[in-house]
2 protein chains.
Amino acid sequence: MGLTPEDIERLDSIIKRGRPYHRGDHLYRGGDKFHSLRVITSGSVKTYSPNEDGGEQVLGFHLPGELIGLDAIQDDNHTCSAIALETTAVCEIPFSQLESLSSIMPSLQHQMYRLLSREIGQDTEMLTLLGKKSAEERLATFLLSFSERFKQRGFSASDFFLSMSRHEIGNYLGLAVETVSRLFTRFQDENLLHVERKHVQLLDIPRLYDIVQGADRAKSSQSRI
Amino acid sequence: MGLTPEDIERLDSIIKRGRPYHRGDHLYRGGDKFHSLRVITSGSVKTYSPNEDGGEQVLGFHLPGELIGLDAIQDDNHTCSAIALETTAVCEIPFSQLESLSSIMPSLQHQMYRLLSREIGQDTEMLTLLGKKSAEERLATFLLSFSERFKQRGFSASDFFLSMSRHEIGNYLGLAVETVSRLFTRFQDENLLHVERKHVQLLDIPRLYDIVQGADRAKSSQSRI
DNA sequence: AAAATAACTTGATCCGGATCAAGAACTTCT
DNA sequence: AGAAGTTCTTGATCCGGATCAAGTTATTTT
């Protein structure tokens, strides 16, 4: 990440390895006092925030290597909750120490600014997804996001397990469970993928990218001729 | 913002007052080299990003006192565009200088982290809006957001001008122009507000808050008895 | 292994909001 | 001031995806 080995070492000295969490355990809850950022080292995590009328909004699914808790810096309290989707290990980075360290390590400070900014960028992409895209485009985007992130981590880009339920996927994408289920079936019928419960195999990644770009409407009207 | 007067002075020394922009002028465009954050001092600004299929997604409307450009830190390029909605004045804060300054001013660094984190928090609120809320709830949320922001700046919380078009409001809220127009009419019919083109007068702010919380469904079914 | 529960799928129906269409009000240009 | 182009409003229709309703397949409990 643009840090020297000795930078890394200093950073490493403040990192605490937390105990592992089991499926359903909370890493933190909305309202909890904020003290640490967390990096997921194995497993996966869902972040969500309760919305006024009792339900919840899933904010994200997080894989190993990803940092969570950035939203809590603003007022020393967690604004959302984080829950383990499977057995999950995390490292904790006490924020006050990270802040002090970044004061004397410009490269770390720079990296922190970039990280926070990237998070903002990712959120705005999600705004476009929820504001303008069809159900099909949403699920394709979702699947390719996982594909890319698994690939980046050295796993298969086309064969992976989703640790969250259909319900959680729907909530995240602003869709009903039934719609998500139907879309998986449809994508499978169209030979875009093979799905069996949580196990997904992407069979035609290029066409999934076409769908993301809405190329789909034009294309399907062609094939209907 | 938690800075001492002398901190402010040092910060002030790097701030550049830019020339004023007229309606329709771009402050920056997606892809432009990023060099400065900007604080709006008067007028208003729309930020938006082009989405793959030609259209655009409005990301936000920004009023005096607000900071824009935080999303661009991540890779030295602007990821979205910013355009003046009316005659607008801004201050530019060269980011590299701000970064250096924050290295030697822990309080400034702290403030920057909070600011970036707050932006993330705001984006996630917007995700809930777009993911789960009805058209009514969206417009009520939108109006109350402006009400609060104007109030905070010493202007009327119930009587203000919106500088953006119905089309832009719709785009921002994930709604069609026609829906926005109809909702304004409906809200007026229900004596929630008075609207005449861009001039809005909120007549029943408490009920607008009820609508935001979806209290509306229950209530309207009562009144139908 | 059977029973209970939870997660998922599939079908039928419904509805909120999009889209299409046209007119009205406002702005800008000449 | 008149013409032309915008922006906004209002009405009619349509459709994507929500909701309702069952049935099916996993998972957990006993």
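Below, chain A is the first sequence line, B the second, and so on; all start at residue 1. Because the structure is predicted, anything quoted here is derived from the model rather than measured.
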Q: Can you tell which of dC8(C), dT19(D), dG17(C) lies closest to the side chain of Lys198(A)?
A: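 Nearest to the side chain of Lys198(A) among the choices is dC8(C).
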
Q: Looking at Phe155(B) versus Phe160(B), is the centre-to-centre ring distance below 6.0 Å?
A: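 Ring centres of Phe160(B) and Phe155(B) not closer than 6.0 Å.
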
Q: Is Arg197(B) near enough to dA25(C) that one of its side-chain N or O atoms lies under 4.0 angstrom from OP1 or OP2?
A: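 No, no such contact exists.
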
Q: DNA chain D: Glu196(A) or Ala176(A), which has the more 5' nearest nucleotide?
A: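 Going by which nucleotide is closer to the 5' end, it is Ala176(A).
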
Q: Just the rounded figure in Å: distance from P of dC8(C) to CD of Gln188(A).
A: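 The answer, rounded to whole Å, is 15 Å.
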
Q: Checking contacts here: which listed nucleotide (dT9(D), dA18(C), dT9(C)) is nearest the side-chain heavy atoms of Val177(B)?
A: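 Given the options dT9(D), dA18(C), dT9(C), the side chain of Val177(B) is closest to dT9(D).
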
Q: To the nearest angstrom, how far is Arg23(B) atom CZ from dT7(D) atom P?
A: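 Taking atom P of dT7(D) as the reference, CZ of Arg23(B) is at 8 Å.
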
Q: Should Glu178(B) and Arg166(B) be marked as a salt bridge (Lys or Arg N to Asp or Glu O under 4.0 Å) after you check the CA-CA gap, both sets of side-chain angles, and the distance that decides it?
A: CA-CA 8 Å; Glu178(B) 295 92 328; Arg166(B) 299 283 189 271; over 6 Å; no

Q: Across the strands shown, which category fits Ser165(B) at heavy-atom distances under 4.0 angstrom: base, sugar-phosphate, nothing?
A: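 Result for Ser165(B) = sugar-phosphate.
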
Q: Rounding to a whole Å, what distance do you find between Arg182(B):CZ and dA18(C):C1'?
A: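 In whole Å, dA18(C) C1' lies 9 Å from Arg182(B) CZ.
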
Q: Which part of the nucleic acid, if any, lies within contact of Ala135(A), taking any heavy atom under 4.0 Å across all strands shown: a base, the sugar-phosphate backbone alone, or nothing?
A: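 Contact class for Ala135(A): sugar-phosphate only.
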
Q: Is any side-chain nitrogen or oxygen of Ser181(B) closer than 4.0 Å to OP1 or OP2 of dT7(D)?
A: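 So the side chain of Ser181(B) is outside the cut-off, no N or O lying under 4.0 Å from OP1 or OP2 of dT7(D).
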
Q: Rounded to whole angstroms, how far apart are CG on Leu139(B) and P on dC8(D)?
A: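 These atoms are roughly 13 Å apart.
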
Q: Heavy atoms under 4.0 Å, any strand shown: does Gly170(B) hit a base, just sugar-phosphate, or nothing?
A: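 The residue Gly170(B) makes no contact with any strand.
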
Q: Taking only N and O in the side chain of Thr185(B), is any of them less than 4.0 Å away from OP1 or OP2 of dT10(D)?
A: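 Thr185(B) to dT10(D) OP1/OP2: side-chain N or O found under 4.0 Å.
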
Q: Whole Å only: how far is the CZ atom of Arg138(A) from the P atom of dA18(D)?
A: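 Interatomic distance, CZ of Arg138(A) to P of dA18(D): 8 Å.
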
Q: For Arg166(A) and dC8(C), what is the distance between atoms CZ and C1' respectively, to the nearest whole Å?
A: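 Going from CZ in Arg166(A) over to C1' in dC8(C) covers 7 Å.
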
Q: Evaluate the side-chain proximity of Glu92(A) to Ile15(A): yes if any heavy-atom separation is below 4.5 Å, no if none is.
A: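 SC-SC contact between Ile15(A) and Glu92(A) ruled out.
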
Q: Closest approach to the side chain of Glu178(A), judged atom by atom: which nucleotide of dT10(C), dG17(D), dA18(C) is it?
A: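 For the Glu178(A) side chain, the nearest candidate turns out to be dT10(C).
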
Q: Between dC8(D) atom P and Leu162(B) atom CG, what is the distance in whole Å?
A: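 Rounded to whole Å, this separation is 11 Å.
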
Q: Centroid separation under 6.0 Å, is that true for the rings of Tyr28(A) and Phe34(A)?
A: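 No, ring centres 6.0 Å or more apart.
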
Q: Round to a whole Å and report the spacing from CZ of Phe184(B) to C1' of dT9(D).
A: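 Taking atom C1' of dT9(D) as the reference, CZ of Phe184(B) is at 13 Å.
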
Q: For a salt bridge (Lys or Arg N to Asp or Glu O under 4.0 Å) with Glu66(B), tell me which candidate from Arg118(B), Arg38(B), Arg149(B), Lys46(B) qualifies.
A: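 By the salt bridge (Lys or Arg N to Asp or Glu O under 4.0 Å) criterion, Glu66(B) pairs with just one of Arg118(B), Arg38(B), Arg149(B), Lys46(B): Arg149(B).
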
